[in-house]
Every structure is written in structure tokens, then in C-alpha cells.
Amino acid sequence: MLKRTILSKKFWMYFFAYLLAAIMVFPLLWMLISSFKPPGSTVTVLNQLLSAPFSLESYQAVLRPDGTAMMWRWTFNSVLVGVVQTVVTVLFSSWAAFAVSRIPFKGKGFIFVFTFIGLMVPMESIVVPLFNMIVDLNWVNTYHALIWPGMMLPLAFLILKQFIDQLPNELLEAAKIDGAGFFTMWAKIILPLSKSSMAAVSIFIFIQSWNNLLWPLLVAQERSMMTLPVGIPTFQSNFATDLAIPMASNVVASIPALIVFLLFQKHIIRGIALSGIK
Amino acid sequence: MLQLTDKTNEQIISVSAYKRKETIRNYATAALFLAPFMVLYIWFWIYPIIQGFITSLTTGSYGVEQNFVGLSNYAYMLTDNKFWVSFGNTLYFILISTPTIVVLGLIMALIVNSKLKGTTILRSAFFMPYMLSISVVGSIWVFILQSRTGLLAETFQLFGYTMEISWFGSWGMGWLSILIATLWWTVGFNMILFLAGLQEIPEEIYEAADIDGASSWEKFRYITFPSLRGVTALVILLQTIASFKLFGQTFLITNGGPGISTTPLVHYIYQVAFRQWDMGYASAISFVLFLVISLIAFIQYKVLMKKD
């Protein structure tokens with residue numbers, strides 16, 4: 001009797017957990033299957049969706065270089081912006097964090113508070129003056145405009161500073177006795193030790209950059225300068241009922257992010273945990 | 001540091017000279033390490049805040065002369081019905097999204113942290129949507145929900161029911177659509193925060209409770225839930241900030257409509273600035289948004305500091 005209730009309780013837990021997972025995955029699965037239907041087919045009726053014909057025509061339509069969708073270019077733009085933003089943010093923040101954490105000088109408290117203000121400033125509340133700056137600099141429709149504003153400098157700085165603070169002092173003392181300069185200390189000691197923190201922060205920044213819509217929407221007005229989040233809606237608005245082609249473009253746009261997810265699962269999760277709690 | 005056995009005057013002078021030299025060198029090195037960070041940070045974060053505030057005291061647009069008008073943009077805001085509607089919309093979204101995200105995120109974290117088989121697969125399934133770009137999320141949910149030709153309506157049709165719901169046609173249904181899409185997209189993020197909190201609870205407490213014969217509900221009620229208080233506060237605060245920044249979902253799914261019934265604050269700023277080109281007024285609303293979010297972020301800082 002007792003055993004039976006435990007068994008059935010376990011059964012219901014499995015049932016509920018996997019039902020929830022199925023609901024979460026279903027839209028993704030639908031997107032994937034729809035994208036393999038020929039252009040113009042009905043993908044919203046389930047029995048028609050699962051029966052033949054299947055083809056790669058929708059992908060060909062989306063990826064054709066002369067088409068209205070510039071998927072290759074947009075993906076390139078998104079990747080370029082994401083990679084440059086990530087590398088620059090993490091590198092600059094790591095230097096700054098190292099200086100505040102390990103080089104003796106006065107005014108550290110001020111720098112800490114000054115940086116903390118940045119955490120409280122959402123991009124959304126400064127887009128208007130930022131856009132005015134970009135216009136004045138003549139940067140509209142350039143990579144400069146896409147890349148330089150909207151990096152997550154304060155967050156990266158504070159996470160990396162917290163990490164460097166925890167490192168034992170003996171390591172750097174030993175290096176100092178050996179006559180190492182500060183740059184050598186950063187390159188030979190700090191950088192290798194904070195690799196995993198940096199990886200976690202990097203991937204988190206990359207996801208944020210990859211998903212950013214508002215800023216590129218403002219500064220990338222030419223089709224060739226758009227990133228995926230901006231380009232895809234402009235392209236999809238041409239399709240009212242034919243969903244196979246839009247779905248193929250959704251899949252193409254999601255592949256890089258899903259690859260990042262599969263390769264760096266652990267780092268992504270650590271990045272989120274770091275960004276919130278520590 | 002240096003041990004001086006024989007303190008002659010000369011040595012003391014040379015030591016203090018050495019120290020002064022070292023201090024100067026430290027400042028120079030620190031400045032070099034900080035410079036790239038500070039240049040970008042001041043240029044693209046601090047300067048725009050100041051510039052935005054100055055712009056909020058002016059009228060005018062591109063090609064039109066800027067005039068100093070004092071606080072009149074702010075005075076206008078008080079009587080601007082659209083501002084209050086979009087502010088109210090934002091508060092409404094906080095009200096409906098926060099409880100759902102907290103509860104669902106916690107449930108998912110508990111599932112993934114349990115001893116069920118296949119938790120890695122479950123974790124991936126719950127988290128995967130977060131990796132998608134907002135345009136993909138928006139388009140998937142428009143295609144699922146749109147009336148008559150959407151996946152949901154067609155599926156009901158397949159089983160012989162007609163579903164006459166206009167998902168984007170009213171205030172209530174519009175916000176429900178945005179809530180569903182947001183929930184699906186971001187719940188995995190909150191799950192990870194809860195999971196990190198769960199993993200900090202020492203296993204021994206549960207073992208002790210087992211010995212005392214505590215039921216699973218009692219364990220949740222008296223161990224898990226109190227331990228997660230900090231994380232829950234964090235999730236609520238992050239969710240509130242995210243709701244104040246809401247833009248992509250309304251822009252892509254309902255386009256703020258019908259009318260302005262699903263237009264949140266950032267969307268309204270976007271319209272005022274980049275559709276009506278009223279930079280002064282848009283800056284004034286932005287400054288209010290900035291103050292509100294700073295206040296929440298400040299509370300978040302206080303909450304987190306208390307934990308340590």
C-alpha cells in the first residue's frame with residue numbers, strides 16, 4: 001500500500017516534469033519541422049505538417065544571396081558585433097579590475113562607486129542621447145555605432161574584481177620579488193587564473209549582445225548593416241500566411257546561439273549565477 | 001618592507017625617495033590599466049546620462065533650433081495621458097509577470113535539482129528558449145497565436161472546435177500574449193538563479209530532517225523556502241527591472257496596439273523620440289525611467305549586501 005503511493009507519486013512527478021519540458025520544446029520543434037516544408041505549404045495544420053512533402057527549398061529561398069533576406073550578412077554582423085563587444089568588454093574590465101584590486105593607490109572606493117552607478121543605468125534610458133551622439137559623430141549605419149555603445153562594462157568589471165579580490169596575495173608577492181611588472185603579473189598570473197570567470201562573463205555578454213534589438217534597430221537603418229534581430233522582422237513582414245520561409249529564417253538565426261549553448265552550457269549557467277548572486 | 005638596522009639620515013631619505021617614486025609609478029600603472037575601461041565607460045554611459053538630462057530641458061529636433069524650456073517637458077508629462085497609460089501598462093506587466101516567473105522558475109529549478117532521471121535533458125529543455133533572439137521568439141508566438149490561421153486556432157479546428165479569440169486585439173489578450181511569450185523566453189534564466197540558490201543549501205539539513213521524519217512538504221516549507229528568500233528577492237527585483245525595460249516583445253508581437261493599450265514605457269519613449277522626433281520630451285521620460293530603475297537597482301544592492 002505504502003509502496004504503491006510512493007510509486008505513483010514518482011510517476012506523477014516524471015509525468016509533470018516531462019510534460020512541462022514538452023510544452024517548452026514544442027514551439028522549437030514546430031519551428032524546425034515547418035522549416036523543412038516547401039515554401040507556401042500550410043504548417044499550422046498538424047496532420048499536414050507531419051506528412052510529406054519535405055524539402056530544403058525554404059532554406060534555399062532564405063539563404064539565396066540575391067534574395068530580400070540577407071541572412072549571411074546579418075549573421076556575420078551579429079557575430080562580429082557580439083565577438084568584438086565580448087572581447088573588448090572582458091579585456092578592458094579585467095585590466096580595470098586588476099588595477100583596482102591589486103595596485104596600491106588612493107581613490108579605489110570612488111572608482112568602485114562610480115562604476116556601480118553604471119549597473120543602475122539601463123541602455124533603454126539613455127538611447128535618446130546616445131543616438132544623438134551617434135548622429136553627431138556621423139556613425140549611423142557603421143559598425144562603430146553597433147559596437148561601442150551598449151557593452152556591459154560595469155557588470156564585467158564588478159564580477160571580475162570580486163574574483164581577483166579572492167586570489168591569495170602570495171602569488172603576486174612572489175612575482176614581485178622576482179621583479180615582475182604589473183603587466184606581467186596580469187598576463188602570467190591573473191589572466192590564467194580567472195579564465196573560467198572570464199569565460200562565464202564572456203558568454204553571458206555574448207548572449208545579451210546577440211539578442212539586443214532596440215539599439216541596432218535605431219542605428220542600423222541600411223539593410224546591409226542590420227543584425228539578425230533587426231533584419232528578420234523586416235524580412236518576415238513580407239509573408240502573411242506562408243510560414244515555411246519565415247520559419248527557415250528563424251532556424252538559421254537560432255543555429256549559432258544553440259551551438260553556443262550546447263558547447264558552453266556550464267559556462268552559461270555559471271555566468272547567469274555570477275551575474276545575479278555574486 | 002625594508003628593515004633598517006642602521007638608521008642613518010641618508011638612508012631614511014633614500015628610502016622615502018624610493019617610496020615616493022614607487023607611489024608615482026603605482027598611480028601611473030593604475031591609470032594605464034584603467035584608461036581604456038574609463039574612456040569607454042564615461043563616453044558611452046556617464047556622458048549620455050548628463051547629456052540626456054540637458055536635452056530633457058529643451059525642445060526641438062534635428063534641423064530645428066534647440067530652446068531651453070526649463071522643466072516644462074516634465075510638467076507636460078504630468079498631464080500627458082499617453083505617458084500615464086504606458087506607465088500603467090508597465091506596472092500591470094510587472095504585476096502579472098513577476099508571480100508567474102517566480103513560481104514557474106522555482107518549480108523548474110526544483111525539478112532540475114531533484115533526483116529524477118534525465119535532469120540534464122530537462123534543464124536544456126527549460127533553458128533553450130532563452131538562447132533565441134527576441135525576433136525569433138516574437139515570430140514563433142505570433143504564428144502560434146494569430147487568430148484563425150495560427151497554430152493554436154488550427155489545432156482546435158482539427159478537433160472540431162472553432163476558437164474565436166483575437167489574441168492581439170484587446171488590452172487583456174494582448175498582454176496575455178506578451179506574458180506567454182516572455183514567460184517562455186525568460187523563465188529558464190530565472191530557473192538558473194533559483195538552481196544556484198538551491199545548490200547552496202547543504203545536503204545535511206535535509207538528511208537531518210529525514211531522520212526526524214519530515215514530509216517532503218515540510219522539508220520545502222521549513223528548509224528550502226526560507227533558504228531561497230534571498231534568491232526570490234533577487235528574481236523579483238531583476239524581473240521588475242526587466243519589465244521596466246520591456247520593448248522587444250510589444251514591438252514585435254502587438255506593436256503596442258490596439259491603440260496604445262500594450263505600449264510600455266520604453267516603447268512610448270521610442271515613439272516619441274523616433275516617430276515624433278521630440279527629443280526633449282523623450283529625454284524627459286527617459287530620465288524618469290532612469291530614476292525609477294536606479295531606485296530598484298539601489299534596493300537590489302541593499303538586499304544583496306545584507307545577504308553577505
Side-chain angles (χ1 to χ4, degrees), chain A residues 13-14 17 20-21 24-25 27-28 30-31 44-47 92-93 95-96 98-99 103-105 115 118-122 124-126 128-130 132-133 148-149 151 153 157 182 207 210-211 213-214 218 228-229 232-233 236 241 243 246 250 253-254 257-258 260-261 269 272-273 276-277, chain B residues 26-27 29-30 33-34 36-38 40-41 44-45 48-49 51-52 55 108 111 116 122 125-126 128-129 131-136 138-140 143-144 149-151 154-155 158 184 189 192-193 196 231 234 238 241 245 247-248 252 266 269 273-274 279 282-283 286 289-290 293-294 297-298:
Chain A
M13 271 182 72
Y14 271 104
L20 202 57
M24 290 298 284
V25 171
L28 287 173
W30 179 55
M31 166 178 88
T44 47
V45 179
L46 288 175
N47 52 3
F92 287 10
S93 304
W95 287 341
F98 169 67
I103 301 177
F105 68 97
T115 314
L119 268 195
M120 304 183 182
V121 186
E124 286 77 0
S125 71
I126 54 172
V128 178
L130 269 179
N132 292 341
M133 275 170 65
W148 299 115
M151 288 192 280
L153 290 163
F157 169 82
F182 283 116
I207 298 173
W210 180 263
N211 284 338
L213 170 71
L214 179 59
L218 298 178
L228 283 167
I232 283 182
Q236 290 185 348
T241 49
L243 304 189
N250 282 342
S254 307
L258 293 181
V260 168
F261 172 67
I269 288 161
I272 290 171
I277 290 172
Chain B
N26 283 346
Y27 271 95
T29 323
F33 272 102
L34 279 163
F37 176 90
M38 281 299 165
L40 282 186
Y41 178 60
F44 293 112
W45 293 67
I49 304 175
Q51 192 56 47
T55 310
M108 285 178 172
I111 291 173
L116 294 183
L122 289 170
F126 295 153
M128 206 97 85
M131 294 301 293
L132 303 184
S133 135
I134 176 62
S135 324
V136 175
S139 109
I140 289 178
F143 294 154
I144 290 179
T149 54
L151 178 68
E154 293 278 19
T155 307
L158 206 62
W184 183 72
F189 179 88
I192 300 295
L193 291 178
V231 187
L234 180 78
L238 287 179
I241 293 175
K245 300 197 288 190
F247 173 71
L252 295 165
V266 174
I269 293 171
F274 304 106
M279 294 300 183
S283 298
S286 302
L289 177 72
F290 164 67
I293 294 184
S294 304
F298 184 71

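Numbered from 1 within each chain, the chains take letters A, B, ... in sequence-line order.
- With sequence neighbours excluded, the residues that form a ring-ring contact (aromatic ring centres under 6.0 Å, His included) with Phe290(B) are Phe287(B).
- The two residues Ala273(A) and Ile192(B) have their closest heavy-atom pair at N-CG2, 4.5 Å.
- The side-chain heavy atoms of Val260(A) and Met131(B), taken from C-beta on, include a pair separated by under 4.5 Å.
- Both the backbone and the side chain of Ala30(B) come within contact range of chain A, judged by heavy atoms closer than 4.5 Å.
- Among Trp210(A), Tyr14(A), Phe157(A), the residue with the largest count of heavy-atom pairs under 4.5 Å with chain B is Tyr14(A).
- Of the listed residues Asn132(A), Ile207(A), Val25(A), Leu258(A), the one with more heavy-atom pairs under 4.5 angstrom with chain B than any other is Asn132(A).
- The two residues Asn211(A) and Leu132(B) have their closest heavy-atom pair at OD1-O, 3.2 Å.
- For the set Ile111(B), Leu116(B), Ile49(B), the entry with the most heavy-atom pairs within less than 4.5 Å of chain A is Leu116(B).
- Side-chain contact between Ile293(B) and Ser125(A) is absent, with no heavy-atom pair separated by less than 4.5 Å.
- Only the backbone of Leu228(A) has a heavy atom closer than 4.5 Å to any heavy atom of chain B.
- Summarising the geometry of Phe33(B) relative to Ala99(A), their closest heavy-atom pair is CB-CB, 3.6 Å, with the distance given to 0.1 Å.
- Using a 4.5 Å cut-off between heavy atoms, Ile140(B) touches chain A through backbone and side chain atoms alike.
- For the atom pair Leu130(A) CG and Gln51(B) CD, the distance stands at 10.5 Å (nearest 0.5 Å).
- Proximity to chain A (any heavy atom under 4.5 Å) is shown, for Phe189(B), by both the backbone and the side chain.
- Glu124(A) places none of its side-chain heavy atoms less than 4.5 Å from the side chain of Ile269(B).
- Atom CD1 of Ile144(B) sits about 10.5 Å away from atom CE of Met31(A), to the nearest 0.5 Å.
- At a 4.5 Å heavy-atom cutoff, the contact between Met13(A) and chain B is made by backbone and side-chain atoms alike.
- Shown here for Met133(A) and Pro48(B), the closest heavy-atom pair between the two residues is SD-CG, 3.9 Å.
- Contact check for Phe37(B) versus Trp95(A): no side-chain heavy atoms found under the 4.5 Å cut-off.
- Using a 4.5 Å cut-off between heavy atoms, Phe98(A) contacts chain B through its side chain alone, with no backbone atom that close.
- Residue contact with chain A, scored on non-hydrogen atoms closer than 4.5 Å, involves the backbone and the side chain of Tyr41(B) alike.
- Contact of Leu252(B) with chain A is made through the side chain alone, with heavy-atom distances under 4.5 Å.
- Residues Ile126(A) and Phe44(B) form no side-chain contact, since every pair of their non-hydrogen atoms from C-beta on lies 4.5 Å or further apart.
- The side-chain contact (heavy atoms from CB on, under 4.5 Å) test applied to Tyr27(B) returns Phe105(A), Lys106(A), Thr23(B), not counting sequence neighbours.
- Distance check, rounded to the nearest 0.5 Å: CG of Leu28(A) to CH2 of Trp184(B) gives 4.0 Å.
- Note: Leu34(B) CG to Thr115(A) OG1 = 8.5 Å, rounded to the nearest 0.5 Å.
- How far CZ of Phe143(B) is from CG of Asn250(A): 6.5 Å, rounded to the nearest 0.5 Å.
- At a 4.5 Å heavy-atom cutoff, the contact between Leu158(B) and chain A is made by side-chain atoms alone.
- Put simply, of Ser254(A), Pro27(A), Ala253(A), Pro246(A), the one with the most heavy-atom pairs under 4.5 Å next to chain B is Pro27(A).
- Atoms CZ and CG, on Phe92(A) and Leu40(B) in that order, are 5.5 Å from each other to the nearest 0.5 Å.
- If you tally non-hydrogen atom pairs under 4.5 Å between each of Ile269(A), Leu119(A), Ile232(A) and chain B, the highest count goes to Ile269(A).
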